[in-house]
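To start, the structure itself, in structure tokens.
The structure presented is a predicted model; accordingly, all values stated were derived computationally and were not measured. Here is how names work: the chains are called A, B, and so on, in the same order as the sequence lines, proteins then strands, and each is numbered from 1.
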There are 2 protein chains.
Amino acid sequence: MLTELEQRILDAIKLHISQQGRSPTLVEIGRAVGVASKGTLHRYVQGLIDKGQLVRNHAGWRGLQLVEEEIDDESGSLPLLGQIAAGLPIEAIPGHDKFNLANFFMGPDRFILKVVGDSMVDAGILDGDMVVIRHAQQAYSGEIVVALIDGEEATLKRLKYMNDGRVKLIPENSTMQPFVYAAQRVRIQGVLVGQMRSYL
Amino acid sequence: MLTELEQRILDAIKLHISQQGRSPTLVEIGRAVGVASKGTLHRYVQGLIDKGQLVRNHAGWRGLQLVEEEIDDESGSLPLLGQIAAGLPIEAIPGHDKFNLANFFMGPDRFILKVVGDSMVDAGILDGDMVVIRHAQQAYSGEIVVALIDGEEATLKRLKYMNDGRVKLIPENSTMQPFVYAAQRVRIQGVLVGQMRSYL
DNA sequence: TTGAAAGTTCTCCAAAAGTTCTCTATATTG
DNA sequence: CAATATAGAGAACTTTTGGAGAACTTTCAA
């Protein structure tokens with residue numbers, strides 16, 4: 001179990017690696033999470049390594065690597081036939097013939113919510129859809145997140161960080177307006193990683 | 001048997017864990033149930049642990065864990081937390097706490113296609129989405145189907161039977177026009193039963 | 001080769017959280 | 001009425017977490 005700061009530091013490292021393609025320095029982590037002391041940061045990073053959340057590749061600077069956990073499963077597969085486009089025959093996707101439903105959505109720290117309302121229809125998320133959320137305290141600008149406003153209202157919106165430090169929550173619906181909040185009023189509870197819908 | 005306050009405290013802990021992904025502090029529990037004294041709260045939490053309703057994971061703060069009632073049936077399940085609507089807290093769905101991804105889409109005679117193109121965006125089916133299709137030769141008017149035109153072109157469209165016996169294939173995209181075909185030119189290959197999208 | 005940047009190892013500190021007490025009050029029950 | 005269970009406040013304490021920074025070593029590029 002990670003403490004809040006450990007989680008935020010891990011999120012910041014993941015964010016940096018996927019954005020920049022290399023691991024951040026201690027000072028860069030510190031800027032992301034608001035900690036000034038290299039020593040403190042080193043203590044936390046070492047703690048994450050000890051807990052198995054990170055590994056060090058001994059390559060000098062920026063030597064942090066994520067541990068990727070793979071999910072192995074064979075149940076829950078359907079044949080993946082190929083691609084379908086308007087006006088063309090179904091085209092096979094080379095190298096893929098089985099599609100594992102579980103792998104598509106399963107992962108650590110995930111949960112499912114049922115969407116109520118039309119605020120994200122322009123992003124293809126309709127009333128009644130199921131969304132898969134990964135627990136997270138941090139998110140990129142532009143991601144769709146579950147955000148808690150003033151500790152009371154939870155909402156699914158696209159997140160944008162503004163230059164003045166505030167946070168914009170954008171409904172993907174042309175009839176609705178974005179809202180802008182002071183950063184401390186918005187707490188991110190999770191990031192959208194998947195969506196599904198049944199037509200039965 | 002739990003007293004009223006014990007039950008309320010247990011409920012508050014469960015709610016907090018499922019919403020925030022980690023156990024609450026004593027003070028947070030206190031705010032939720034309206035008790036100011038840490039000591040009192042500790043007494044009750046300890047009582048719940050003694051009664052086997054909770055376990056402590058000895059991880060320092062926020063170290064409370066729920067007791068797993070049943071062993072997880074199948075892989076491919078994620079917790080179904082509840083509903084999310086704009087401007088409201090996450091609302092629990094009574095009686096549902098596990099969501100089986102496989103069950104949601106699995107069924108006989110089904111296969112998966114990857115969608116290419118924007119012809120169904122208004123129905124919430126975007127370029128790159130995966131759709132689950134059930135093999136079928138017939139479909140109801142109004143269903144979304146994979147249709148083969150003249151034995152050559154496959155396409156995903158909404159199906160309408162017209163009064164004159166012809167068939168209308170409607171793209172759910174306001175910039176595109178429906179096409180009408182003689183019934184014998186259109187062969188239905190399958191009916192849309194599900195759709196999913198990954199944001200990773 | 002050399003110096004700035006990055007990482008490591010410490011010590012110290014403060015706030016937050018948990019723990020252990022005692023004290024009080026209000027029902028309920030034998 | 002006395003005994004008991006429940007509900008609550010809060011003081012005093014310990015532990016955990018979060019944070020700063022000095023002093024040091026290592027890495028890497030100019």
Side-chain angles (χ1 to χ4, degrees), chain A residues 1-17 19-66 135-138 151 183-184 187-188, chain B residues 1-17 19-67:
Chain A
M1 208 56 197
L2 303 181
T3 68
E4 197 217 321
L5 185 58
E6 283 174 337
Q7 188 63 59
R8 282 199 296 135
I9 285 175
L10 183 58
D11 286 349
I13 293 170
K14 285 182 179 173
L15 205 65
H16 193 281
I17 289 178
Q19 271 187 344
Q20 320 263 337
R22 56 179 185 171
S23 102
T25 67
L26 291 177
V27 173
E28 285 169 341
I29 297 170
R31 270 201 298 274
V33 300
V35 171
S37 161
K38 283 197 297 179
T40 301
L41 290 160
H42 181 265
R43 176 153 41 91
Y44 277 88
V45 169
Q46 194 57 51
L48 287 167
I49 291 168
D50 292 344
K51 290 183 179 178
Q53 303 286 326
L54 283 175
V55 289
R56 212 187 292 277
N57 65 8
H58 300 292
W61 299 348
R62 301 182 182 275
L64 296 176
Q65 282 184 327
L66 303 177
H135 268 301
Q137 272 86 49
Q138 298 205 335
Q184 65 270 20
R187 197 164 76 240
I188 293 168
Chain B
M1 208 48 209
L2 304 181
T3 69
E4 194 221 320
L5 184 58
E6 281 176 336
Q7 189 62 59
R8 283 200 296 137
I9 285 175
L10 184 57
D11 287 347
I13 293 170
K14 283 182 179 173
L15 192 68
H16 193 282
I17 288 178
Q19 275 193 4
Q20 319 267 337
R22 56 181 183 168
S23 100
T25 66
L26 290 177
V27 173
E28 284 169 342
I29 298 170
R31 269 202 298 273
V33 300
V35 171
S37 161
K38 285 198 295 180
T40 302
L41 290 160
H42 181 264
R43 177 153 39 90
Y44 277 89
V45 168
Q46 194 58 51
L48 286 166
I49 291 168
D50 293 344
K51 291 183 181 179
Q53 303 286 326
L54 284 174
V55 289
R56 210 188 292 276
N57 66 7
H58 298 292
W61 300 351
R62 301 183 182 276
L64 297 177
Q65 282 183 327
L66 303 177
V67 261

Separation of [X] atom [atom1] from [N] atom [atom2], in whole Å?
X	N	atom1	atom2	result
A:Arg56	C:dG7	CZ	C1'	8 Å
A:Lys51	D:dT16	NZ	P	12 Å
A:Arg22	C:dA5	CZ	C1'	12 Å
B:Glu4	D:dA7	CD	P	7 Å
A:Tyr44	C:dG7	OH	P	18 Å
A:Leu2	D:dT17	CG	P	11 Å
B:Leu5	D:dG8	CG	C1'	9 Å
B:Arg31	C:dA16	CZ	C1'	12 Å

| request: Measure the angle between the two terminal helix axes of the helix from C:dT1-D:dA30 to C:dG30-D:dC1, five base pairs each, and quote it to 10°. | output: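 Axis-to-axis angle, ends of the helix: 20°.
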| query | Can you list every salt bridge (charged side-chain N to carboxylate O under 4.0 Å, His left out) pair that touches residues 23-41 of chain A, not counting sequence neighbours? | reply |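 Found A:Glu28-A:Arg62.
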| message | Counting only heavy atoms and a strict 4.0 angstrom limit, can you tell me which residues of residues 9-17 of chain A come near DNA chain D? | response |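 By residue number: none to list.
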| query | Pick one: which of B:Val35, B:Leu54, B:Val33 meets side-chain contact (heavy atoms from CB on, under 4.5 Å) with B:Ile9? | reply |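 It is B:Val33, the one option of B:Val35, B:Leu54, B:Val33 that forms the side-chain contact (heavy atoms from CB on, under 4.5 Å) with B:Ile9.
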Show each protein N/O and nucleotides 11-13 of chain C N/O combination with a separation under 3.5 Å, one pair to a line.
none

Taking any heavy-atom pair under 4.0 Å as a contact, classify [X]: base, sugar-phosphate, or nothing.
X	answer
B:Arg8	nothing
B:Gln46	nothing
B:Leu26	base

| query | Reading nucleotides 21-30 of chain D from the 5' end, what letters show protein touch, with B for base, S for backbone sugar-phosphate only, - for no heavy atom under 4.0 Å? | reply | B-----BS--
| request: Would you indicate which nucleotide in C:dG18, D:dG19, C:dT8 comes nearest to any side-chain atom of B:Thr25? | output: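 Nearest nucleotide to the side chain: C:dG18.
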| request: Kindly say if B:His42 contacts the phosphate of C:dG18, meaning a side-chain N or O under 4.0 Å from OP1 or OP2. | output: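 It does not, given that no N or O in the side chain of B:His42 lies less than 4.0 Å from OP1 or OP2 of C:dG18.
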| Looking at B:Thr3, does any N or O in its side chain come under 4.0 Å of the phosphate oxygens OP1/OP2 on D:dA7? |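 For D:dA7, OP1 or OP2 has a side-chain N or O of B:Thr3 closer than 4.0 Å.
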| field | Nearest heavy-atom neighbours spanning B:Ile17 and B:Ser23 | value |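 B:Ile17 and B:Ser23 have their closest heavy atoms at CG1-CA, 3.6 Å.
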| If you look at every heavy atom in A:Gln53 and A:Leu2, which pair is closest and at what distance? |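 The answer is CG-CD2, 4.0 Å.
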Roughly how far, to the nearest 0.5 Å, is the [atom2] atom of [Y] from the [atom1] atom of [X]?
X	Y	atom1	atom2	value
B:Leu5	B:Leu48	CG	CG	9.0 Å
B:Gln7	B:Tyr44	CD	OH	13.0 Å
B:Arg8	B:Glu6	CZ	CD	11.5 Å
A:Leu10	A:Lys51	CG	NZ	11.0 Å

| query | Just by distance, do the side chain of A:His16 and the backbone of A:Arg22 share a donor-acceptor pair under 3.5 Å? | reply |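 Pair found, side chain donor or acceptor close to backbone of A:Arg22.
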| request: Just jot down the side-chain hydrogen bond (donor to acceptor under 3.5 Å, both in side chains) partners of A:Arg43, sequence neighbours excluded, or say none. | output: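 side-chain hydrogen bond (donor to acceptor under 3.5 Å, both in side chains) check on A:Arg43 returns nothing, list empty.
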| said: I'd like to know whether A:Ile188 forms a side-chain contact (heavy atoms from CB on, under 4.5 Å) with A:Gln138, so could you lay out the CA-CA distance, the side-chain angles of the two residues, the decisive distance to 0.1 Å, and finally the verdict. | reply: CA-CA 6 Å; A:Ile188 293 168; A:Gln138 298 205 335; 5.8 Å; no
| Can you find a heavy atom in the side chain of A:Leu26 that is under 4.5 Å from one in the side chain of A:Val45? |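 A side-chain contact exists here, since the closest heavy-atom pair is under 4.5 Å.
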| Whichever of B:Gly34 and A:Val35 has its nearest DNA chain D nucleotide further upstream toward 5' |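 Result of the comparison: B:Gly34.
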